[in-house]
Each structure stands twice: as structure tokens, then as C-alpha cells.
Amino acid sequence: MKTISIVAALFLLGACATSAPGAASVTPPPNRPAAAGPSRAMQVLASAGRTNAPTQTEVERALGRPDIARQDGAGAALTYRLETCALLLLFAADARNDLRLVEAHPSARQAGAAAPSLDLCAAEASAR
């Protein structure tokens with residue numbers, strides 16, 4: 001029950017960082033082309049919530065050190081501040097007490113801007 005409470009709290013924290021539902025995805029700026037194929041960062045982010053989701057250590061190995069890291073009981077949150085987006089990653093402990101990626105939320109860095117797609121955020125994270 002404690003784990004469910006922590007995951008719910010992390011989800012609510014993530015909800016604060018996302019834009020309104022139905023927000024349009026942004027196209028990459030002219031000086032930053034979209035990735036040609038799925039990058040390692042996108043593969044890591046796309047596996048969020050699966051039983052084989054990457055651990056917090058594996059995510060940090062793929063994306064680098066986060067700008068903000070928070071640990072709360074059996075959960076954790078990492079935030080990456082990228083050029084046009086901020087990426088909030090939420091982790092929860094699995095049955096073996098490994099913190100695994102459960103959600104990935106991209107949001108705009110500029111107030112009022114539409115949230116970028118997870119693909120764009122992953123491409124920016126790979127270029128970091």
C-alpha cells in the first residue's frame with residue numbers, strides 16, 4: 001500500500017509538470033533535425049512502465065546525470081532540463097526493490113509553449 005501511495009504521489013508531481021491534455025506536439029527547430037531512427041534514449045524512455053523497464057542506474061547511464069534528482073521512500077524522480085523541453089522521469093521499486101522507470105513526461109521549457117513530443121525530448125537528451 002505504501003508503494004501505491006508513493007507512485008500516486010510521484011504521478012501527481014509529474015502531472016504538475018505536464019501541459020494540458022491534447023496539446024500539440026512541436027516540430028523540431030530548423031537548426032535541430034529530428035532523429036533518423038529510434039535513439040538509445042528513446043528506446044529507454046519507450047520502455048517505461050513495462051516489467052523490463054530500465055533501472056534508475058541504466059537510465060542515468062543512457063541519459064547522463066539528471067539536473068534534479070529526488071528520492072522518496074520506494075520511489076524517485078529525475079528531471080532533465082534540455083534545450084526546448086524538460087523531461088520528468090518517475091521510478092518505483094519493483095519486487096526486487098530495484099527502482100524501475102514507470103513514467104516519462106516531456107514538458108515545454110518556456111511557459112505557454114506546447115509540450116514537445118517524447119521523441120524530440122529523447123533526441124535532445126541523446127545530443128546532451
*Can you tell me how far the CG atom of Leu63 sits from the OG atom of Ser39, to the nearest 0.5 Å?*
8.5 Å
Side chains of residues 85-97: which donor-acceptor pairs under 3.5 Å do they make with residues two or more places apart or in other chains?
residue: Asp94; atom: OD1; partner: Arg96; partner atom: N; Å: 3.0
residue: Asp94; atom: OD1; partner: Asn97; partner atom: N; Å: 3.0
residue: Asp94; atom: OD1; partner: Asp98; partner atom: N; Å: 2.8
residue: Asp94; atom: OD2; partner: Arg100; partner atom: NE; Å: 2.9
residue: Arg96; atom: NH2; partner: Asp98; partner atom: OD2; Å: 3.3

*Under the salt bridge (Lys or Arg N to Asp or Glu O under 4.0 Å) test, residues paired with Arg128 that sit two or more places apart*: Asp67
*With no hydrogens and no angle check, is any side-chain donor or acceptor of Arg40 less than 3.5 Å from a backbone partner on Ser126?*
no
*Quick check: are there more than 12 heavy atoms from other residues, nucleotides or ligands sitting under 6.0 Å from CZ of Arg81?*
no
*Give the minimum heavy-atom separation between Pro106 and Ala115, together with the two atoms involved.*
O-CB, 4.1 Å
*List in chain and number order the residues that pass side-chain hydrogen bond (donor to acceptor under 3.5 Å, both in side chains) with Glu60, two or more places apart in sequence or in another chain; answer none if no residue qualifies.*
Gln56
*Could you list the residues that satisfy side-chain contact (heavy atoms from CB on, under 4.5 Å) with Thr57, not counting sequence neighbours?*
Thr55, Arg61
*Closest heavy-atom contact between Ala53 and Ala48?*
CB-CA, 4.5 Å
*Looking only at heavy atoms, which two atoms of Leu99 and Ala74 are closest? And how far apart?*
CD2-O, 3.5 Å
*If only atom types and distance count, is the side chain of Glu124 paired as donor or acceptor with the main-chain N or O of Thr84 below 3.5 Å?*
yes
*Residues that Ala46 engages under side-chain contact (heavy atoms from CB on, under 4.5 Å), provided they are two or more places apart*: Met42
*asked:* Just verifying a value: how many Å separate Cys121 SG and His105 NE2, rounded to the nearest 0.5 Å?
replied: 12.0 Å
*Considering non-hydrogen atoms only, spot the tightest contact between Val44 and Ser47 and give its length.*
O-OG, 2.8 Å
*Minimum heavy-atom distance between Pro116 and Ala108, given as atom pair plus value*: CD-N, 3.6 Å
